[in-house]
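By convention in this document, chain letters (A, B, ...) are assigned in the order of the sequence lines, proteins followed by strands, and residues within each chain are numbered from 1.
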Amino acid sequence: MPELPEVETVVRDLRPQLTGRRLIAIHSSKAQLRRHWPIRAIRHLIQARIASLHRRGKWIVVLCDDGQGIRFHLGMTGQLTVVPGSEPLPDHLHWWAELDNGYQWRFRDIRRFGSVEWFAHGQEALAELDRKLGPEPLNLPSGHLKAVAAQSQRCLKAVLLDQTIIAGVGNIYADEALFEAALHPARLARSLQTSEWDRLQRAVRRVLRRAIAARGSTIRNYVGGSGLQGRYQQRLNVYGREGLPCLHCGHPIVRQYLAGRSTHYCAYCQR
DNA sequence: AAGTCTCCCTGAGTGC
DNA sequence: TGCACTCAGGGAGACT
(Lines give C-alpha, C1' and ligand atoms only; values in the text may rest on other atoms or scores of the structure.)
Protein backbone atom coordinates (compact mmCIF):
# COMPACT_ATOMS: atom_id res chain seq x y z
CA MET A 1 0.00 0.00 0.00
CA PRO A 2 2.02 2.91 -1.22
CA GLU A 3 1.97 5.89 1.11
CA LEU A 4 4.40 8.79 1.21
CA PRO A 5 7.57 6.76 2.03
CA GLU A 6 6.85 4.22 -0.69
CA VAL A 7 6.02 6.86 -3.30
CA GLU A 8 9.13 8.84 -2.34
CA THR A 9 11.23 5.68 -2.78
CA VAL A 10 9.75 5.07 -6.23
CA VAL A 11 10.52 8.64 -7.30
CA ARG A 12 14.09 8.46 -6.00
CA ASP A 13 14.63 5.16 -7.81
CA LEU A 14 13.14 6.38 -11.08
CA ARG A 15 14.76 9.81 -11.16
CA PRO A 16 18.22 8.70 -12.36
CA GLN A 17 16.71 6.16 -14.77
CA LEU A 18 14.24 8.53 -16.43
CA THR A 19 15.71 12.03 -16.31
CA GLY A 20 16.97 13.04 -19.76
CA ARG A 21 15.44 10.01 -21.50
CA ARG A 22 13.31 10.42 -24.60
CA LEU A 23 9.97 8.61 -25.04
CA ILE A 24 10.02 6.56 -28.24
CA ALA A 25 6.65 4.79 -27.99
CA ILE A 26 3.81 4.58 -25.51
CA HIS A 27 1.25 1.84 -25.00
CA SER A 28 -1.83 1.72 -22.83
CA SER A 29 -4.09 -1.22 -22.07
CA LYS A 30 -7.82 -1.30 -22.61
CA ALA A 31 -8.59 -2.05 -18.99
CA GLN A 32 -10.04 1.02 -17.34
CA LEU A 33 -8.04 2.64 -14.58
CA ARG A 34 -9.55 5.23 -12.26
CA ARG A 35 -8.85 8.00 -14.74
CA HIS A 36 -9.07 7.94 -18.48
CA TRP A 37 -5.83 8.10 -20.43
CA PRO A 38 -6.64 10.19 -23.53
CA ILE A 39 -5.52 8.47 -26.71
CA ARG A 40 -4.24 11.73 -28.22
CA ALA A 41 -1.77 12.00 -25.38
CA ILE A 42 0.35 9.28 -26.93
CA ARG A 43 0.82 11.26 -30.15
CA HIS A 44 1.88 14.36 -28.22
CA LEU A 45 4.35 12.56 -25.98
CA ILE A 46 6.32 10.73 -28.65
CA GLN A 47 9.84 12.19 -28.75
CA ALA A 48 9.28 14.19 -25.57
CA ARG A 49 12.26 14.23 -23.22
CA ILE A 50 11.80 13.73 -19.48
CA ALA A 51 13.03 16.70 -17.50
CA SER A 52 12.10 16.04 -13.87
CA LEU A 53 10.17 13.85 -11.42
CA HIS A 54 8.19 15.18 -8.48
CA ARG A 55 6.28 13.72 -5.55
CA ARG A 56 3.37 15.57 -3.94
CA GLY A 57 1.57 13.59 -1.23
CA LYS A 58 1.05 10.15 -2.74
CA TRP A 59 1.10 11.51 -6.30
CA ILE A 60 3.93 11.40 -8.84
CA VAL A 61 4.27 14.05 -11.53
CA VAL A 62 6.73 13.66 -14.41
CA LEU A 63 7.52 16.81 -16.40
CA CYS A 64 8.86 16.81 -19.94
CA ASP A 65 11.17 19.50 -21.29
CA ASP A 66 8.44 20.77 -23.64
CA GLY A 67 6.09 21.38 -20.69
CA GLN A 68 3.89 18.28 -20.97
CA GLY A 69 3.33 16.20 -17.85
CA ILE A 70 2.23 12.75 -16.78
CA ARG A 71 0.68 12.23 -13.36
CA PHE A 72 0.47 8.87 -11.59
CA HIS A 73 -1.27 7.60 -8.49
CA LEU A 74 -0.27 4.12 -7.35
CA GLY A 75 -3.56 3.40 -5.58
CA MET A 76 -3.24 0.21 -3.60
CA THR A 77 -1.16 -2.00 -5.84
CA GLY A 78 0.45 0.28 -8.41
CA GLN A 79 4.05 -0.44 -9.45
CA LEU A 80 6.09 2.03 -11.48
CA THR A 81 9.38 0.55 -12.69
CA VAL A 82 12.05 0.84 -15.39
CA VAL A 83 13.22 -2.50 -16.78
CA PRO A 84 15.11 -3.75 -19.86
CA GLY A 85 12.74 -3.82 -22.84
CA SER A 86 13.52 -7.50 -23.33
CA GLU A 87 11.73 -8.47 -20.11
CA PRO A 88 8.40 -10.19 -20.81
CA LEU A 89 5.32 -8.10 -20.20
CA PRO A 90 3.71 -9.04 -16.87
CA ASP A 91 -0.04 -9.33 -16.32
CA HIS A 92 -1.96 -6.26 -15.08
CA LEU A 93 0.33 -3.96 -17.08
CA HIS A 94 -1.72 -0.87 -17.96
CA TRP A 95 0.70 1.64 -19.38
CA TRP A 96 4.27 1.48 -20.63
CA ALA A 97 6.69 3.67 -22.52
CA GLU A 98 9.70 2.64 -24.58
CA LEU A 99 12.74 4.75 -23.78
CA ASP A 100 15.58 5.78 -26.09
CA ASN A 101 18.01 3.47 -24.30
CA GLY A 102 16.09 0.24 -24.90
CA TYR A 103 14.51 0.21 -21.45
CA GLN A 104 10.79 0.28 -20.70
CA TRP A 105 9.03 2.44 -18.14
CA ARG A 106 6.08 0.41 -16.86
CA PHE A 107 2.96 1.03 -14.80
CA ARG A 108 1.45 -2.17 -13.43
CA ASP A 109 -1.58 -2.18 -11.13
CA ILE A 110 -3.32 -5.35 -10.04
CA ARG A 111 -6.39 -3.82 -8.41
CA ARG A 112 -6.63 -0.83 -10.72
CA PHE A 113 -7.11 1.73 -7.98
CA GLY A 114 -4.26 3.71 -9.48
CA SER A 115 -4.32 6.26 -12.28
CA VAL A 116 -2.30 7.70 -15.17
CA GLU A 117 -3.15 11.15 -16.52
CA TRP A 118 -1.70 13.28 -19.27
CA PHE A 119 -1.36 17.07 -18.97
CA ALA A 120 -0.54 19.38 -21.87
CA HIS A 121 0.83 21.68 -19.19
CA GLY A 122 2.50 19.56 -16.54
CA GLN A 123 2.81 22.41 -14.09
CA GLU A 124 -0.98 22.44 -13.93
CA ALA A 125 -0.84 18.86 -12.60
CA LEU A 126 1.27 20.09 -9.69
CA ALA A 127 -0.76 23.25 -9.19
CA GLU A 128 -3.96 21.25 -8.99
CA LEU A 129 -2.44 19.05 -6.28
CA ASP A 130 -1.28 22.12 -4.38
CA ARG A 131 -4.82 23.45 -4.46
CA LYS A 132 -6.44 20.34 -3.07
CA LEU A 133 -3.80 18.80 -0.79
CA GLY A 134 -2.54 19.89 2.60
CA PRO A 135 1.19 20.58 3.15
CA GLU A 136 3.92 17.96 2.99
CA PRO A 137 4.34 16.28 6.40
CA LEU A 138 8.15 16.33 6.29
CA ASN A 139 8.26 20.10 6.51
CA LEU A 140 5.04 21.12 8.22
CA PRO A 141 4.88 24.66 9.53
CA SER A 142 5.11 24.36 13.31
CA GLY A 143 1.69 24.23 14.91
CA HIS A 144 0.05 23.27 11.61
CA LEU A 145 -2.01 20.33 12.86
CA LYS A 146 -3.40 22.28 15.77
CA ALA A 147 -4.13 25.26 13.56
CA VAL A 148 -6.21 23.29 11.05
CA ALA A 149 -7.77 20.56 13.19
CA ALA A 150 -8.13 21.81 16.76
CA GLN A 151 -11.85 22.60 16.23
CA SER A 152 -12.58 19.35 14.40
CA GLN A 153 -15.15 16.92 15.77
CA ARG A 154 -13.41 14.02 14.09
CA CYS A 155 -11.11 11.45 15.67
CA LEU A 156 -7.34 11.66 15.25
CA LYS A 157 -7.23 8.74 12.86
CA ALA A 158 -9.62 10.53 10.49
CA VAL A 159 -7.60 13.75 10.77
CA LEU A 160 -4.32 12.03 9.82
CA LEU A 161 -5.91 10.26 6.85
CA ASP A 162 -7.40 13.50 5.48
CA GLN A 163 -5.17 14.48 2.55
CA THR A 164 -6.40 18.07 2.70
CA ILE A 165 -4.93 18.38 6.21
CA ILE A 166 -1.58 16.74 5.51
CA ALA A 167 -0.68 14.99 2.27
CA GLY A 168 0.78 11.50 2.06
CA VAL A 169 -0.17 9.75 5.31
CA GLY A 170 -2.17 6.54 4.80
CA ASN A 171 -3.46 3.81 7.04
CA ILE A 172 -0.13 2.25 8.02
CA TYR A 173 1.73 5.42 8.97
CA ALA A 174 -1.31 7.00 10.63
CA ASP A 175 -1.42 4.06 13.04
CA GLU A 176 2.35 4.11 13.55
CA ALA A 177 2.46 7.85 14.17
CA LEU A 178 -0.35 7.66 16.74
CA PHE A 179 1.51 4.90 18.57
CA GLU A 180 4.71 6.93 18.46
CA ALA A 181 2.84 9.93 19.90
CA ALA A 182 1.10 7.72 22.53
CA LEU A 183 -2.29 9.04 21.42
CA HIS A 184 -5.45 6.95 21.08
CA PRO A 185 -6.69 6.93 17.46
CA ALA A 186 -10.30 7.48 18.58
CA ARG A 187 -9.45 10.63 20.58
CA LEU A 188 -11.46 13.60 19.34
CA ALA A 189 -9.24 16.19 17.70
CA ARG A 190 -10.87 19.01 19.66
CA SER A 191 -9.83 17.39 22.95
CA LEU A 192 -6.07 17.67 22.34
CA GLN A 193 -3.75 19.97 24.26
CA THR A 194 -1.17 22.03 22.40
CA SER A 195 1.62 19.78 23.66
CA GLU A 196 -0.20 16.74 22.30
CA TRP A 197 -0.57 18.32 18.86
CA ASP A 198 3.16 19.04 18.87
CA ARG A 199 3.90 15.47 19.88
CA LEU A 200 1.71 14.12 17.08
CA GLN A 201 3.25 16.38 14.47
CA ARG A 202 6.76 15.34 15.49
CA ALA A 203 5.73 11.67 15.52
CA VAL A 204 4.35 11.85 11.98
CA ARG A 205 7.58 13.34 10.72
CA ARG A 206 9.79 10.87 12.58
CA VAL A 207 7.86 7.81 11.42
CA LEU A 208 7.87 8.95 7.79
CA ARG A 209 11.59 9.80 7.85
CA ARG A 210 12.47 6.38 9.27
CA ALA A 211 10.23 4.64 6.74
CA ILE A 212 11.82 6.49 3.82
CA ALA A 213 15.26 5.46 5.10
CA ALA A 214 14.06 1.83 5.02
CA ARG A 215 12.61 2.24 1.50
CA GLY A 216 9.04 1.99 2.81
CA SER A 217 6.96 -1.02 3.84
CA THR A 218 6.13 -3.97 1.62
CA ILE A 219 2.89 -5.48 2.92
CA ARG A 220 1.76 -7.24 -0.22
CA ASN A 221 2.56 -5.87 -3.62
CA TYR A 222 4.67 -2.79 -3.16
CA VAL A 223 8.02 -2.53 -4.91
CA GLY A 224 10.22 0.51 -5.45
CA GLY A 225 11.16 1.89 -8.86
CA SER A 226 14.02 -0.56 -9.08
CA GLY A 227 11.77 -3.50 -8.19
CA LEU A 228 13.19 -3.83 -4.64
CA GLN A 229 10.87 -4.40 -1.70
CA GLY A 230 10.77 -2.13 1.36
CA ARG A 231 12.07 -3.08 4.80
CA TYR A 232 10.02 -0.94 7.17
CA GLN A 233 7.32 -3.62 7.59
CA GLN A 234 9.81 -5.33 9.95
CA ARG A 235 9.79 -2.27 12.21
CA LEU A 236 6.05 -1.61 12.47
CA ASN A 237 4.90 -1.28 16.07
CA VAL A 238 1.15 -1.71 15.66
CA TYR A 239 0.02 -2.00 12.03
CA GLY A 240 -0.83 -5.61 11.19
CA ARG A 241 0.05 -6.79 14.72
CA GLU A 242 -3.45 -7.45 16.09
CA GLY A 243 -3.29 -9.76 19.11
CA LEU A 244 0.52 -9.64 19.30
CA PRO A 245 2.16 -8.11 22.39
CA CYS A 246 2.91 -4.40 22.29
CA LEU A 247 6.67 -4.03 21.87
CA HIS A 248 6.63 -1.38 24.59
CA CYS A 249 4.35 -2.76 27.34
CA GLY A 250 3.40 -6.30 26.30
CA HIS A 251 -0.36 -5.74 26.21
CA PRO A 252 -2.01 -7.15 23.09
CA ILE A 253 -2.42 -4.83 20.10
CA VAL A 254 -6.08 -4.05 19.43
CA ARG A 255 -7.70 -3.67 16.03
CA GLN A 256 -10.77 -1.50 15.62
CA TYR A 257 -12.63 -0.15 12.59
CA LEU A 258 -12.23 3.63 12.64
CA ALA A 259 -12.69 6.33 10.00
CA GLY A 260 -13.50 3.59 7.50
CA ARG A 261 -10.19 1.82 7.97
CA SER A 262 -8.93 -0.95 10.21
CA THR A 263 -6.98 0.74 12.97
CA HIS A 264 -4.30 -0.83 15.19
CA TYR A 265 -3.21 0.49 18.57
CA CYS A 266 -2.10 -0.40 22.07
CA ALA A 267 -4.94 0.40 24.47
CA TYR A 268 -2.43 0.66 27.33
CA CYS A 269 0.22 2.91 25.75
CA GLN A 270 -2.19 5.09 23.78
CA ARG A 271 -4.67 7.01 25.91
C1' DA B 1 -20.53 22.82 5.97
C1' DA B 2 -18.65 19.06 7.89
C1' DG B 3 -18.42 14.45 8.43
C1' DT B 4 -19.58 9.60 6.97
C1' DC B 5 -20.57 6.03 3.74
C1' DT B 6 -20.21 3.48 -0.67
C1' DC B 7 -18.00 2.05 -4.52
C1' DC B 8 -14.33 0.53 -7.50
C1' DC B 9 -10.94 -3.97 -8.00
C1' DT B 10 -8.30 -8.64 -7.54
C1' DG B 11 -5.45 -11.86 -5.00
C1' DA B 12 -4.58 -13.93 -0.66
C1' DG B 13 -6.28 -16.17 3.10
C1' DT B 14 -9.81 -18.91 5.60
C1' DG B 15 -13.23 -22.40 6.53
C1' DC B 16 -15.80 -26.29 5.24
C1' DT C 1 -8.78 -30.41 -3.89
C1' DG C 2 -12.21 -27.16 -4.69
C1' DC C 3 -15.31 -23.82 -3.80
C1' DA C 4 -17.51 -19.76 -1.53
C1' DC C 5 -16.67 -16.18 1.12
C1' DT C 6 -14.17 -12.20 3.38
C1' DC C 7 -10.79 -8.79 3.63
C1' DA C 8 -7.36 -5.23 2.29
C1' DG C 9 -7.81 0.44 1.33
C1' DG C 10 -7.07 5.61 -1.68
C1' DG C 11 -9.87 8.71 -3.43
C1' DA C 12 -14.20 10.40 -5.67
C1' DG C 13 -18.61 11.39 -5.14
C1' DA C 14 -23.06 10.63 -2.92
C1' DC C 15 -25.34 11.10 1.13
C1' DT C 16 -26.74 12.75 5.93
Quick one: [X] [atom1] to [N] [atom2], roughly how many Å, whole number?
{"X": "A/Asp162", "N": "B/dA2", "atom1": "CG", "atom2": "P", "answer": "11 Å"}
{"X": "A/Leu133", "N": "C/dG10", "atom1": "CG", "atom2": "C1'", "answer": "12 Å"}
{"X": "A/Leu258", "N": "B/dC5", "atom1": "CG", "atom2": "C1'", "answer": "14 Å"}
{"X": "A/His94", "N": "B/dC8", "atom1": "NE2", "atom2": "C1'", "answer": "13 Å"}
{"X": "A/Gln153", "N": "C/dT16", "atom1": "CD", "atom2": "C1'", "answer": "15 Å"}
{"X": "A/Met76", "N": "C/dA12", "atom1": "CE", "atom2": "P", "answer": "16 Å"}
{"X": "A/Asp91", "N": "B/dA12", "atom1": "CG", "atom2": "C1'", "answer": "15 Å"}
{"X": "A/Gln163", "N": "C/dG13", "atom1": "CD", "atom2": "C1'", "answer": "16 Å"}

Can you see if the side chain of [X] gets near the phosphate of [N] - specifically, an N or O under 4.0 Å from OP1 or OP2?
{"X": "A/Lys132", "N": "C/dA12", "result": "yes"}
{"X": "A/Ser262", "N": "C/dG9", "result": "yes"}
{"X": "A/Ser152", "N": "B/dG3", "result": "yes"}
{"X": "A/Tyr239", "N": "C/dG9", "result": "yes"}
{"X": "A/Arg112", "N": "B/dT10", "result": "yes"}

- Task: Kindly confirm or rule out a cation-pi arrangement of A/Arg106 over A/Trp95, judged by NZ or CZ under 6.0 Å from the six-membered ring centre and within 45° of its axis?
- Result: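 Not satisfied by the 6.0 Å and 45° rule.
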
- Message: Taking the six-membered ring of A/Tyr268 as reference, does the cationic atom of A/Arg271 (NZ for Lys, CZ for Arg) lie under 6.0 Å from its centre and within 45° of its axis?
- Response: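 Satisfied, under 6.0 Å and within 45°.
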
Closest to the [X] side chain, choosing from [options]:
{"X": "A/Trp59", "options": "C/dG11, B/dT10, C/dG9", "value": "C/dG11"}
{"X": "A/His92", "options": "B/dT10, C/dG10, B/dT4", "value": "B/dT10"}
{"X": "A/Asn171", "options": "C/dG9, B/dT10, B/dT4", "value": "C/dG9"}
{"X": "A/Arg111", "options": "C/dG10, C/dG9, B/dT4", "value": "C/dG9"}

- Task: Could you check whether A/Phe113 and the base of C/dG11 form a stacked pair, meaning centres closer than 5.5 Å and planes differing by less than 30°?
- Result: no

- Task: Kindly determine whether A/Ser142 and A/His144 satisfy side chain to side chain donor-acceptor pair (under 3.5 Å), including the steps that lead there.
- Result: CA-CA 5 Å; A/Ser142 83; A/His144 170 76; over 6 Å; no

- Query: Closest nucleotide of DNA chain B for A/Gln151 versus for A/Arg261: which of these residues is on the 5' side?
  - Reply: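 Final value for this comparison: A/Gln151.
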
- Task: Decide if atom CD of A/Gln234 counts as having more than 12 heavy atoms of other residues, nucleotides or ligands within a radius under 6.0 Å.
- Result: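 Count over threshold, so yes.
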
- Message: Looking at A/His248, I'd like to know if its NE2 atom is crowded, meaning that more than 12 non-hydrogen atoms belonging to other residues, nucleotides or ligands lie closer than 6.0 Å.
- Response: no

